J.: 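Before anything else, here's the structure in question.
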Amino acid sequence: METASLQATMPPRATDAHWFPVDLHVPDRRFDMATLDVEALERSTFLDTRLDAALASVDAVPAERLAALPMPERPPAWLFHTSFCGSTLLARAAHVPAYQVALKEPLVLRRLGDARHAGWSIDGLCETAVSLLSRPWTQGGYVLLKATHAALNIAPDLLHATPGSRAVLLTSTLGDFLVSNIKKTPETQAKVPELAERALRAGTLHARLPPQALQPPDLLCAAALQWAAQRDLLGGLVSGFGERVRVLDFATLAEDPENTVSACAHWWRLPAPEGALRERTREVAHRNAKAMSVEYSAQQRANEARMVGERFSAELARAHAWAERFLLPYMGPPLPMQPPRDWT
């Protein structure tokens with residue numbers, strides 16, 4: 001269909017960011033659109049099935065009717081991450097709605113990642129989804145998009161769809177990852193083998209690993225495999241997009257949240273004034289990023305990690321030894337982690 005005809009069929013609210021894509025059915029190429037207030041972005045831990053909003057109605061809109069929606073003048077900022085690395089904290093700290101909003105793990109990006117994993121065609125849908133998500137919520141506003149780690153398999157597509165955009169790649173050390181995994185619920189831990197397999201299929205690490213690496217003997221070793229596979233995907237973004245990406249370790253964010261968030265916002269070219277951003281970061285840094293009513297601190301996080309490390313020292317040592325034998329020698333070059341103050 002010609003562009004002029006597509007534009008003529010666009011719904012009247014297509015340019016309104018509050019008319020939000022709450023879901024995407026890839027086989028039918030259909031977006032579910034509903035009205036959100038900006039407060040829902042703050043209330044909701046994630047904008048997926050845990051969206052905290054009462055939707056008065058949902059409009060099923062064929063993707064074709066939205067295909068002519070132009071990409072906003074300002075490309076989105078991207079936050080890609082591995083699991084359990086503080087990405088929600090970083091996104092919340094950068095959320096200053098008068099100037100910029102952070103969209104935390106929109107469901108449509110998960111649907112695209114799931115479709116790619118399942119072998120469905122997503123041709124054209126990435127561009128439409130990103131155009132919808134990038135619409136400014138205020139006059140002259142910017143948008144930060146935090147994709148779920150399950151969408152790392154489409155991260156190259158998302159960056160190609162947004163020329164001029166920049167990304168922060170947030171990750172953590174293997175030790176931090178394993179300790180965080182121990183602290184998770186059994187339901188979350190049960191997903192580790194699936195997430196490891198998903199990341200392996202999306203990258204090239206599986207072709208370099210010895211057979212023993214693909215048969216982890218226990219859950220912590222499976223978590224180490226997941227960490228390695230997701231880090232490999234970040235390495236692919238570094239090699240593929242070079243100067244458009246910067247890599248950040250969670251320890252840096254935890255140790256100095258104000259200066260780290262400020263550096264990330266500068267790299268992303270977000271417009272919030274420095275004072276407002278630092279005030280927001282101080283507020284978020286003393287809360288549980290996934291339950292803002294609960295007080296939490298870097299010291300509490302460090303104490304929990306120390307206790308877990310002491311209680312599970314033998315299990316952690318075995319997982320580290322297994323990773324050093326079967327994973328680490330086969331991974332790509334170390335991720336380039338410049339101090340955020342040196343990002344240019």
Side-chain angles (χ1 to χ4, degrees), residues 13-26 30-61 63 66 69 72 75-81 83-97 99-116 122 125-138 141-155 157-158 161-162 165 167-168 170 188 268 270 280 284 287-293:
R13 297 193 64 188
T15 59
D16 179 4
H18 295 80
W19 197 53
F20 192 80
V22 294
D23 206 345
L24 166 62
H25 193 274
V26 173
R30 182 190 75 236
F31 285 89
D32 287 347
M33 307 292 296
T35 300
L36 289 189
D37 55 52
V38 72
E39 289 77 17
L41 308 184
E42 174 76 19
R43 289 194 308 269
S44 303
T45 303
F46 300 115
L47 304 179
D48 54 14
T49 55
R50 292 158 288 190
L51 176 66
D52 186 1
L55 305 179
S57 62
V58 176
D59 301 314
V61 183
L66 299 164
L69 180 67
W78 290 104
L79 174 54
F80 298 114
H81 60 96
S83 309
F84 313 148
C85 65
S87 60
T88 306
L89 168 62
L90 178 53
R92 279 200 183 277
H95 180 73
V96 186
Y99 303 94
Q100 63 224 21
V101 299
L103 304 183
K104 305 183 298 294
E105 306 198 4
L107 182 58
V108 295
L109 297 183
R110 175 62 190 253
R111 297 298 195 211
L112 289 168
D114 289 348
R116 168 65 56 76
I122 60 173
L125 290 177
C126 272
E127 293 80 1
T128 303
V130 171
S131 294
L132 288 168
L133 294 172
S134 302
R135 295 168 299 172
W137 287 68
T138 57
Y142 282 57
V143 176
L144 167 63
L145 292 175
K146 168 175 131 65
T148 169
H149 59 79
L152 280 174
N153 60 345
I154 61 164
D157 305 76
L158 299 175
T162 52
S165 66
V168 169
L170 181 61
T188 297
W268 279 321
L270 298 178
R280 170 68 175 175
V284 171
R287 298 285 172 179
N288 184 324
K290 295 180 180 177
M292 288 290 283
S293 62

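Everything numeric here is computed off the predicted structure, so don't read it as measured data. By convention here, the first residue in the shown sequence is residue 1.
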J.: Determine whether a donor-acceptor pair (N or O, by modelled atom type, separation under 3.5 Å) exists between the side chain of Arg135 and the backbone of Leu132.
T.: yes
J.: Contact between Val61 and Arg30 at the side-chain level, heavy atoms closer than 4.5 Å - yes or no?
T.: no
J.: How long is the gap from CD1 on Ile154 to CZ on Arg110, to the nearest 0.5 Å?
T.: 10.5 Å
J.: Between Lys104 (side chain) and Thr88 (backbone), is there a donor-acceptor pair under 3.5 Å?
T.: no
J.: Mark yes or no for whether Gln100, through its side chain, and Ala94, through its backbone, hold a donor-acceptor pair below 3.5 Å.
T.: yes
J.: To the nearest 0.5 Å, tell me how far Leu145 CG sits from Thr162 OG1.
T.: 8.5 Å
J.: How long is the straight-line distance from OG1 of Thr148 back to CG of Leu47, given to the nearest 0.5 Å?
T.: 12.0 Å
J.: Looking only at heavy atoms, which two atoms of Ser57 and Ala34 are closest? And how far apart?
T.: O-CB, 3.5 Å
J.: The criterion is ring-ring contact (aromatic ring centres under 6.0 Å, His included); which residues satisfy it with Phe31, sequence neighbours excluded?
T.: none
J.: Return yes if some donor-acceptor pair links the side-chain N/O of Arg92 with the main-chain N/O of Ala102 below 3.5 Å, else return no.
T.: no
J.: How would you list, by chain and number, every residue that makes a ring-ring contact (aromatic ring centres under 6.0 Å, His included) with Trp137, sequence neighbours excluded?
T.: His18
J.: Answer yes or no: is there an ion pair linking Asp59 with Arg13, defined by an N-O contact shorter than 4.0 Å?
T.: no
J.: Nearest 0.5 Å, please: how far is CG in Leu103 from CG in Leu133?
T.: 6.0 Å
J.: Does Leu89 reach the side chain of Val284, with side-chain heavy atoms less than 4.5 Å apart?
T.: yes
J.: Would you call Leu24 and Leu107 a side-chain contact if the rule is heavy atoms closer than 4.5 Å?
T.: no
J.: How far apart are the C-alpha atoms of Arg116 and Asp157, what are their side-chain angles, what is the distance that settles it, and do they pass the side-chain contact (heavy atoms from CB on, under 4.5 Å) test?
T.: CA-CA 11 Å; Arg116 168 65 56 76; Asp157 305 76; 3.0 Å; yes
J.: For Leu125 versus Ala63, what's the shortest heavy-atom pair and its separation?
T.: CD2-CB, 3.7 Å
J.: So how far is it from Phe80 CZ to Leu152 CG, rounded to the nearest 0.5 Å?
T.: 7.5 Å
J.: Do you know which two heavy atoms are closest between Cys126 and Leu158, and how far apart they sit?
T.: SG-CD2, 4.1 Å
J.: Output all residues satisfying side-chain hydrogen bond (donor to acceptor under 3.5 Å, both in side chains) with Thr188, sequence neighbours left out; order by chain, then residue number.
T.: Thr185
J.: Is there a side-chain contact between Arg43 and Asp37 (heavy atoms, below 4.5 Å)?
T.: yes
J.: Where do Glu105 and Ala147 come nearest, in terms of heavy atoms and distance?
T.: CG-C, 4.1 Å
J.: Write down the atom of Val108, the atom of Pro21, and the distance for their closest heavy-atom approach.
T.: CG1-O, 3.5 Å
J.: Taking only Lys NZ, Arg NE, NH1 and NH2, and the carboxylate oxygens of Asp or Glu, determine whether Asp52 and Arg50 approach each other closer than 4.0 Å.
T.: no
J.: Looking only at non-hydrogen atoms, find the nearest pair between Val38 and Pro97 and report the distance.
T.: CG2-CB, 4.2 Å
J.: Once you round to the nearest 0.5 Å, how far does NE2 of His25 lie from CZ of Arg111?
T.: 8.5 Å
J.: Taking C-beta and beyond as the side chain, do Phe46 and Lys146 meet within less than 4.5 Å on heavy atoms?
T.: yes
J.: Is a donor on one side and an acceptor on the other found under 3.5 Å between the side chain of Asp32 and the backbone of Val22?
T.: no
J.: Could you check whether any side-chain heavy atom of Leu51 comes within less than 4.5 Å of a side-chain heavy atom of Phe20, counting everything from C-beta outward?
T.: no
